[in-house]
Enquirer: 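Let me begin by handing over the structure; questions about it come next.
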Amino acid sequence: MKRKSGVKSLESGVRRIVVKIGTSLFQEGSVFTPKYIASIVDDIVEIRKKGIEVIIVSSGAIGCGMRAFGIAEYPKVIQERQALASIGQPLLMELYKSLFGKYNIVISQILLTHNELFTKKSSLNILNTFFLLFKLGVIPIVNENDSVATEELKIGDNDTLSSHLALLLNASCLIILTDEDGVYKLNNSEFEKIIPVISEITDEIRGFVKEKKGKNTIGGMKTKLKAAEMCIESGIPAIIASGKKEKTLKRILAGKREGTLFLPIVSSIT
């Protein structure tokens, strides 16, 4: 087995990408702000002009619900999270509708559970829905159906959901945008520097990842690493990068170094 050249694969031949947007990009410290999401939307609009299909997997529904009720701490009880997700999901979609509406781009909402993704008939229906949305020029915005999913039917987190969608839709790349610049190398328990390229996710790499869950999130860098691993084992490059930097998506699609690039495995058998 060998690795693809990830940068070259992003410079040409990209037809479809999955962009995962983390909850942390909806806030500055503890204060809600749409500025990072607005910047990402601007990038997506420019990317689409090149004929690239974009699927957004967006966290933030529970965070929006918490904001609506002035709740500061992420709820530990699943029923509370489900209630807040049901409140926050329309608020989240209203934000995206407003931002994409400036460009006369229509968005759609797709809420998924484990069953839809992993039941053959349902997954085929999902594919048909996405392909029709692409044909219509619509931006699909996907989230786990947190308000109704039981623990047995939960996908787990939106990082995992984004990797499953990248595989299902045969995406050219998964790009996970967060408030971190990428995967950091640790030296004596201190973050030292960004690892620009990872060709294999080893135990050493896993050891570099410290869980840094926020007040409004359920995932963390470990779930992002697992999502990247799932993609590269199926031949899809993945990138973890900061969504708080302007034009991150545009630079990535231009082949520039941003964040940490995970090189996909390709078979040496032709």
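What you see is a predicted model, and the numbers here were worked out from it, not measured in a lab.
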Enquirer: Does Tyr184 reach the side chain of Ile194, with side-chain heavy atoms less than 4.5 Å apart?
Expert: yes
Enquirer: Look at the side-chain heavy atoms of Ile, Leu, Val, Met, Phe, Trp and Tyr, link any pair under 4.5 Å apart, and say whether Ile62 and Val77 land in one connected group.
Expert: no
Enquirer: If only atom types and distance count, is the side chain of Arg206 paired as donor or acceptor with the main-chain N or O of Leu225 below 3.5 Å?
Expert: no
Enquirer: Please name the pair of heavy atoms, one in Val183 and one in Met221, separated by the smallest distance, quoted to 0.1 Å.
Expert: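 Scanning both residues completely, I find the closest heavy atoms to be CG2-SD, 4.4 Å.
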Enquirer: Can you tell me how far apart CD1 (Ile205) and OG1 (Thr202) are? Round to the nearest 0.5 Å.
Expert: 4.5 Å
Enquirer: Going through the distances and angles, do Tyr103 and Ile139 end up as a side-chain contact (heavy atoms from CB on, under 4.5 Å)?
Expert: CA-CA 12 Å; Tyr103 299 99; Ile139 296 279; over 6 Å; no
Enquirer: Is there side-chain contact between Ile232 and Leu263, with heavy atoms separated by less than 4.5 Å?
Expert: no
Enquirer: Which is it for Lys250 and Lys256 under the side-chain contact (heavy atoms from CB on, under 4.5 Å) test, yes or no, and what are the steps along the way?
Expert: CA-CA 9 Å; Lys250 287 185 68 175; Lys256 307 295 183 183; over 6 Å; no
Enquirer: Which residues satisfy the side-chain contact (heavy atoms from CB on, under 4.5 Å) test with Cys64, sequence neighbours excluded?
Expert: Leu91, Leu92
Enquirer: Can you check side-chain contact (heavy atoms from CB on, under 4.5 Å) on Ile44 and Phe100, steps first, answer last?
Expert: CA-CA 9 Å; Ile44 289 172; Phe100 279 109; 4.1 Å; yes
Enquirer: State yes or no: do Ile71 and Val31 share one hydrophobic cluster built from I, L, V, M, F, W and Y residues joined by side-chain heavy-atom distances below 4.5 Å, directly or via other members?
Expert: no
Enquirer: Keeping the roles fixed (side chain from Thr260, backbone from Ile240), state whether a donor-acceptor pair exists under 3.5 Å.
Expert: no
Enquirer: For Tyr36, is there any backbone N or O sitting under 3.5 Å from a side-chain donor or acceptor partner on Ser39?
Expert: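 Checking the backbone N and O of Tyr36 against the side chain of Ser39, no donor-acceptor pair under 3.5 Å is found.
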Enquirer: May I ask you to decide if the ring planes of Phe32 and Phe26 are parallel, tilted or perpendicular, using 30° and 60° as cut-offs?
Expert: parallel
Enquirer: What distance do Ser234 atom OG and Leu168 atom CG have between them, rounded to the nearest 0.5 Å?
Expert: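 The CG atom of Leu168 is 11.5 Å from OG of Ser234, to the nearest 0.5 Å.
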Enquirer: Distance check, rounded to the nearest 0.5 Å: Asn128 atom CG versus Ser123 atom OG?
Expert: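 Rounded to the nearest 0.5 Å, the CG-OG separation comes out at 9.5 Å.
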Enquirer: Minimum heavy-atom separation for Gly65 and Ile87, please, with both atom names.
Expert: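 In terms of heavy atoms, the two residues are closest at CA-CG2, 4.2 Å.
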Enquirer: How long is the gap from CG on Asp157 to OG on Ser163, to the nearest 0.5 Å?
Expert: 8.0 Å
Enquirer: Can you list everything that forms a side-chain hydrogen bond (donor to acceptor under 3.5 Å, both in side chains) with Asp179? Sequence neighbours excluded, please.
Expert: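 Asp179: no side-chain hydrogen bond (donor to acceptor under 3.5 Å, both in side chains) contacts found.
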Enquirer: Quick check on the hydrophobic clustering: are Leu136 and Phe130 connected, directly or via other members, by side-chain heavy-atom contacts under 4.5 Å?
Expert: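 Same cluster: Leu136 reaches Phe130 through Ile, Leu, Val, Met, Phe, Trp or Tyr contacts under 4.5 Å.
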Enquirer: Got a sec, which residues hit side-chain hydrogen bond (donor to acceptor under 3.5 Å, both in side chains) with Arg16, two or more places apart in sequence or on another chain?
Expert: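 Arg16: side-chain hydrogen bond (donor to acceptor under 3.5 Å, both in side chains) contacts with Glu53.
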Enquirer: Please list, chain by chain and in numerical order, all residues satisfying side-chain contact (heavy atoms from CB on, under 4.5 Å) with Ser108, sequence neighbours excluded.
Expert: Ile110, Leu133, Val138, Pro140
Enquirer: Restricting to side-chain hydrogen bond (donor to acceptor under 3.5 Å, both in side chains), what partner residues turn up for Lys97, sequence neighbours left out?
Expert: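 Here no residue qualifies.
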Enquirer: Taking salt bridge (charged side-chain N to carboxylate O under 4.0 Å, His left out) as the cut-off, I'd like each qualifying pair that reaches into residues 31-41, sequence neighbours left out, listed once.
Expert: Glu28-Lys35
Enquirer: Would you say that Gln109 contacts Gln89 through its side chain, given a criterion of any heavy-atom pair below 4.5 Å between the two side chains?
Expert: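 Answer yes - side chains close enough.
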Enquirer: Heavy-atom distance under 4.5 Å between the side chains of Asp159 and Lys226, does that happen here?
Expert: no
Enquirer: What residues form a side-chain hydrogen bond (donor to acceptor under 3.5 Å, both in side chains) with Ser58, not counting sequence neighbours?
Expert: Tyr96
Enquirer: Check whether any side-chain heavy atom of Tyr74 lies under 4.5 Å from a side-chain heavy atom of Arg81, and answer yes or no.
Expert: yes
Enquirer: Can you give me the closest heavy-atom contact between Ala238 and Cys231, atom names plus distance?
Expert: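 So the two residues come closest at CB-CB, 4.4 Å.
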Enquirer: For Glu144 and Leu111, which heavy atoms make the closest approach, and how far apart are they?
Expert: O-CD2, 4.3 Å
Enquirer: Taking all heavy atoms of Thr160 and all of Met230, pick out the closest pair and write down the distance.
Expert: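 In terms of heavy atoms, the two residues are closest at CG2-CE, 4.4 Å.
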Enquirer: Taking side-chain contact (heavy atoms from CB on, under 4.5 Å) as the test, write out the residues that go with Lys49, two or more places apart.
Expert: Val45, Glu46
Enquirer: Under the side-chain hydrogen bond (donor to acceptor under 3.5 Å, both in side chains) definition, can you give me all pairs with a residue in residues 235-249, not counting sequence neighbours?
Expert: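 For residues 235-249: none.
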Enquirer: With sequence neighbours left out, what residues match Arg15 under salt bridge (Lys or Arg N to Asp or Glu O under 4.0 Å)?
Expert: none
Enquirer: Going from CD1 on Ile17 to CD1 on Ile236, what distance comes out if it is rounded to the nearest 0.5 angstrom?
Expert: 12.5 Å
Enquirer: Test side-chain contact (heavy atoms from CB on, under 4.5 Å) on Leu165 and Leu117 and set out the steps.
Expert: CA-CA 8 Å; Leu165 280 178; Leu117 277 178; 4.2 Å; yes
Enquirer: Looking only at heavy atoms, what is the nearest atom pair of Ala61 and Asn143, with distance?
Expert: CB-ND2, 3.7 Å
Enquirer: Can you tell if the side chain of Asp43 reaches within under 4.5 Å of the side chain of Leu253, non-hydrogen atoms only?
Expert: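 Counting from C-beta outward, Asp43 and Leu253 never come under 4.5 Å.
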Enquirer: Could you grab the distance from atom CD1 of Ile126 to atom CG of Leu112, nearest 0.5 Å is fine?
Expert: 5.0 Å
Enquirer: Please name all residues satisfying side-chain contact (heavy atoms from CB on, under 4.5 Å) with Thr119, sequence neighbours left out, ordered by chain then number.
Expert: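 Listed in chain order: Asn115, Ser122.
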Enquirer: Check for a donor-acceptor pair, side chain of Thr129 on one end and backbone N or O of Asn125 on the other, with a separation under 3.5 Å.
Expert: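 Side chain of Thr129 to backbone of Asn125: a pair is present.
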